[in-house]
> 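Just dropping this structure here.
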Amino acid sequence: MTAHAASTARALDTRPARPPAMPANVLTIALRELRDAVRSRWFLLYTLAFAALGLGVSYVSALGSGGAGLSGFGRTTAGLVNLVLLVVPLMALTAGAGSIASDRERGILAYLLAQPVSRFEVLLGKYFGLAGALLACLCLGVGACALVLALKGEATRPAAMLWLVGLAFGLSLGMLSLGMLVSVLARRASVAVGTAIFLWLALVFVSDLGLMAGALAFRLRIETLFALATANPLQVFKFWSLHSADATLDVLGPAGLYAVDTFGDHVVWLFTSVLAAWAVVPLAIAAVIFSRRAPV
Amino acid sequence: MNARMLQSRCAVFALVLGAAISGAVAQEHEVPAPLAARPATPRPLGAIGRALAAAPDGAVVEIGPGVYHEHLRITRPVTLVGVGMPVIDGGGSGDIVEIAAPEVTLRGFVIRNTGIDLDKENAAVRVLASRATIEDCVLEDILFGIDLRDAPDSVVRSNRIGGKRLDVARRGDGLRLWRADRTLVEGNTIHDGRDAILWYSKGVVVRGNVSHNCRYGLHLMYSDEVTIEGNRLERNSVGVYLMYSAGVELRRNLLVNNRGPSGYGIGLKETDRFVITDNVLSGNRVGVYIDGSPFTNKMPGMFRRNTLACNDIGVTFLPSARNNEFVDNNFIDNIEQVSVAGRGNLSANRFWVGERGNYWSDYTGYDQNRDGIGDFVHESQTLFENMMDREPKLRLFLFSPAQQAVEFVGRAVPSVRPEPKFVDEVPLMRPAEVGLNVRPERGALVRLGGVGAALLLVGGLVLGLARTPRDGQPANGGVA
Amino acid sequence: MIRIDSVTKRFGRATAVDNVSLDIPAGDSVALWGVNGAGKTTLIRCVLGLYRFSGRIEVGGHDVGRRGKRARALIGYVPQELGFHDELGVAEAVRYFALLRGLRVRSAESVLDDVGLAGHGGKRVRELSGGMKQRLALAIAMLGNPPVLVLDEVTASLDACGRGEFVGLLSRLSGAGRTILFASHRIEEVTTLARRVVVLEAGRIGAQTDSETFAESLGLHSMLHLTIRESTRRLALEHLCASGFAARMNGVGLLVPVAREQKAAPFRVLAEARIAIDDFELIAADAAGAPAHTQEAQP
């Protein structure tokens, strides 16, 4: 107990000349964020809700099909797609919105940024950490559904389940990115989460209902309608899910046929770029704002 | 193949290799007057041609393995048998085999590489006489496959017909019957063609064939009293398209994943007296498409014990469709079970007769007295379907929570609730017993289970990453 | 080691730090002294690169604005109050911040042992008392033995006993040769830790002295905080004012400025008036006589 500083130094490896490179710090922060996320109440709640609802959908549709064992883009997949559209954006948006804002509110952020880390590392680390938590949530939920369907003798294509997870993850990356932008902008965590919920409502209901009204009232042209709908990552997720199930979008009526005729197989690239843009652009804006804003 | 070879009466056995007979003189082929409709340019006879020329009527001519570059014209009733699947190669021009005499049998050849002239309808096998039998042949890289013209009482059996990989607009028909009454089409596989089509052919039986990646898997034009049974038609634009025909029976066919701009499992256009039973229609854009059928009032359109599952739309009615009867069918998980193109309802069609209705996977009622029949009527009346029928563009918003929201409003607000499209007063609680069942293969279920387990594992691994590392006791006490 | 060059930080119209220049050579320890709002914390946050500011700050030759990560790698920082995820385990926290510094902790326990937190590694941060949290923060700040220590009112949230203990720990651990910059308004911290005192007034540097001179100058005026029951508080105020003290009400008691040799005089006045005093505290005040932290509640 006489030479504390010395013993502190002894408990440590020798001090490196420079702080860790970016990937190392991002990984450290991501793992930290992941740990915090999976221990948090929201993660447990969302995972349980997602798995429970998914199991409900699977179970009910397995009952309804009477073991006909026919696969297709049936009610099971449709139900799961619907579920993802409802739950995943909400989950990702609120998780993203809560991340920076609540840390700032609790003083955690200032303390973290006083360490030898850059702000970009913090933002990116949090993003990856939360993305990991969301991925775990999706895997657990959909995996449980797939098991139940297999046990009930429902021949949903295994690939459809993998696509569902992959695409839902793509969607959640976009929503997470948007949520983090909100989080960086908002002064308070409650405001951030409120804004996130508002955005969720806008993306899930308001925009679609608006477009429906537009299609009915203004007789929007098919290409306009498709373009507007494609701007919404939720719709893109849905389109792509359908496309992955059938390699065709004709189920979506004239607008789907328009997409098939216009883009053919390149429609996948269109979808990729829309989802990627949603995942990258808000995060990039968030990074710029975050680097300029005081963390307290 | 061997057994058949030994059984054959073997009148002439000509094991021919094209180059083997070197001294043969090319003979001008004489075209019989009645069959001179297609004055083909006279070609020098090939090895098979010479063997045929040498054979008497009723002979069995056997051809050994090899590749024969020639175009045949069979003008006498003979049985031409390929031993060891000899190949007749058309060299990318014209027709390849023309059968101009009745009672010709063609068996066991690979016939390939026709021309691609749609106007001249280049065919692998063209039959211009009655009672022909074409069996066990493989037709590859052909424009038209087997073209029966005025060839009644023929048999087309166990052939494999694969079209050229062309644009649909430039393809020919894999199989065409033109006034070929009472022909049997059985056990063939047709793929990558335009249609398998019956024109003006009565009493044809089409049984146990497979068709995929064609335009119309089977197409009836003005062909009456046709039986279509046990076929498997998948990934075509339309599975079976019945047009202007009458007296058609469709039984135990499997119509799967027929999609595209038409995308019907079964299409019915102004067809009369049809009975459609025990078919399975799954994954089609539209399971059954009904336009102006039944055409007369002689008999209702009968739909019994069919399974319509996982189609985008189970059944589409054009407003002209009336007097159809659906009983004991299973409507399972179609995205839209029944639709009416344009506006209108289906009051002229029946979804229940007497005490029997259909099974609807979206039926929400229950069965308190346990008689297998729902205690409430099944009414199809969803606001979104109604809107979609009016404005098809709205299909873009299918499967979205917004659709659910619209449906919710439709249920909650009576003033916007649409008229029911149809009513089934005695809906079945359980799927009806049907004659054709498709069970998921065990492998698929195991794979699905595997995927589920794998996903759980991945989720678990991510959670494992997040596990708190233990603050283990320092092995060396951290002391120097 | 720390070079602060004409740093100005504005929040909207308010100027929190106004053209401050300060050079702290390696091994020096400097206390920033001033009332709340004088700009101490703001300046420290500028040094940590938490705020954008005009001017230039270098730590160990690294520009804080452009190469903040390198600069902060040289700094161990203890905040006024530790901001941690409450659910974080104590040992886990040590590991995490060590990793951010590129250090691998062989034994978090031994690091915790140095600050007297041995045996608490398995606890969650929220289970720690205020004093323990600050000691944890100190343990983390000392990870990797950084050449610079930045302390921002580290004892503000501690009680009197905890304060003494913590300052003692600090002085022991910080050791010789370390550059220290800290904000404080407690004279005992300043005398224990600082060699130099920089007085901040409304964002500007007012005076710079060595800490002994400063302490003496402070002693001229002190502030006495007396805790008195509400029923007699007003009466006490009247008595003190009648006796010539510039006393005023403050929270649950009275604030009485006292001269250096008369710190006990108010007790005598109140004893004569038979007014009970529950508690008292002597608060350091700057030379101008303004109380350094009038908001602080009594212990």
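Here is how names work: the chains are called A, B, and so on, in the same order as the sequence lines, proteins then strands, and each is numbered from 1.
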> Under a 4.5 Å heavy-atom cut-off, does chain B meet the side chain of A229(A), its backbone, both or neither?
side chain
> Please look at R285(B) and chain A and tell me whether the side chain, the backbone, both or neither of the residue comes under 4.5 angstrom of a heavy atom of that chain.
side chain
> Give a yes or no answer on whether the side chain of K393(B) reaches the backbone of R221(A) with a donor-acceptor pair at less than 3.5 Å.
no
> With the side chain counted from C-beta on, respond yes when V142(A) and V451(B) share a heavy-atom pair under 4.5 Å apart, and no when they do not.
no
> Quick one: what part of M388(B) sits under 4.5 Å from any heavy atom of chain A, side chain, backbone, both or neither?
neither
> So if I apply the side-chain contact (heavy atoms from CB on, under 4.5 Å) rule between L396(B) and each of L225(A), T230(A), L211(A), which one comes out positive?
L225(A)
> State the CG-CG distance between L455(B) and L162(A), to the nearest 0.5 angstrom.
5.5 Å
> Closest heavy-atom contact between M212(A) and F397(B)?
CE-CB, 3.5 Å
> Which atoms form the tightest heavy-atom contact between L209(A) and A402(B), and what is the distance?
CD2-O, 3.9 Å
> Determine the minimum heavy-atom distance between P401(B) and F205(A), stating which atoms define it.
O-CE2, 3.4 Å
> Go through the atoms of R219(A) and report whether side chain, backbone, both or neither lie under 4.5 Å from a heavy atom of chain B.
both
> Might you point out which heavy atoms bring P158(A) and R447(B) nearest each other, and give the distance in Å?
CG-CB, 3.7 Å
> Heavy-atom distances under 4.5 Å only: say whether L220(A) touches chain B with side chain, backbone, both or neither.
backbone
> Please flag which part of Q235(A) lies under 4.5 Å from any non-hydrogen atom of chain B: side chain, backbone, both or neither.
side chain
> Give the member of G263(B), G450(B), G452(B), G449(B) that has the highest number of heavy-atom pairs under 4.5 Å with chain A.
G452(B)
> Check whether L216(A) gets within reach of chain B through its side chain, its backbone, both or neither, counting any heavy atom under 4.5 Å.
side chain
> What's the separation between atom OG in S400(B) and atom CG in L85(A), rounded to the nearest 0.5 Å?
7.0 Å
> Counting only heavy atoms closer than 4.5 Å, note whether V38(A) contacts chain B via side chain, backbone, both or neither.
side chain
> Pick one of side chain, backbone, both or neither for F43(A), based on which atoms fall under 4.5 Å of a heavy atom in chain B.
side chain
> V81(A) and F399(B): which non-hydrogen atoms are nearest, and at how many Å?
CG1-O, 4.2 Å
> E336(B) versus chain A, heavy atoms under 4.5 Å apart: side chain, backbone, both or neither?
neither
> Does any heavy atom of chain A fall under 4.5 Å from the side chain of L394(B), the backbone, both, or neither of them?
side chain
> What residue, out of L140(A), L34(A), L147(A), N82(A), has the most heavy-atom pairs lying under 4.5 Å from chain B?
N82(A)
> How close do A146(A) and L448(B) get, heavy atom to heavy atom, and via which atoms?
O-CG, 3.8 Å
> Please flag which part of V165(A) lies under 4.5 Å from any non-hydrogen atom of chain B: side chain, backbone, both or neither.
side chain
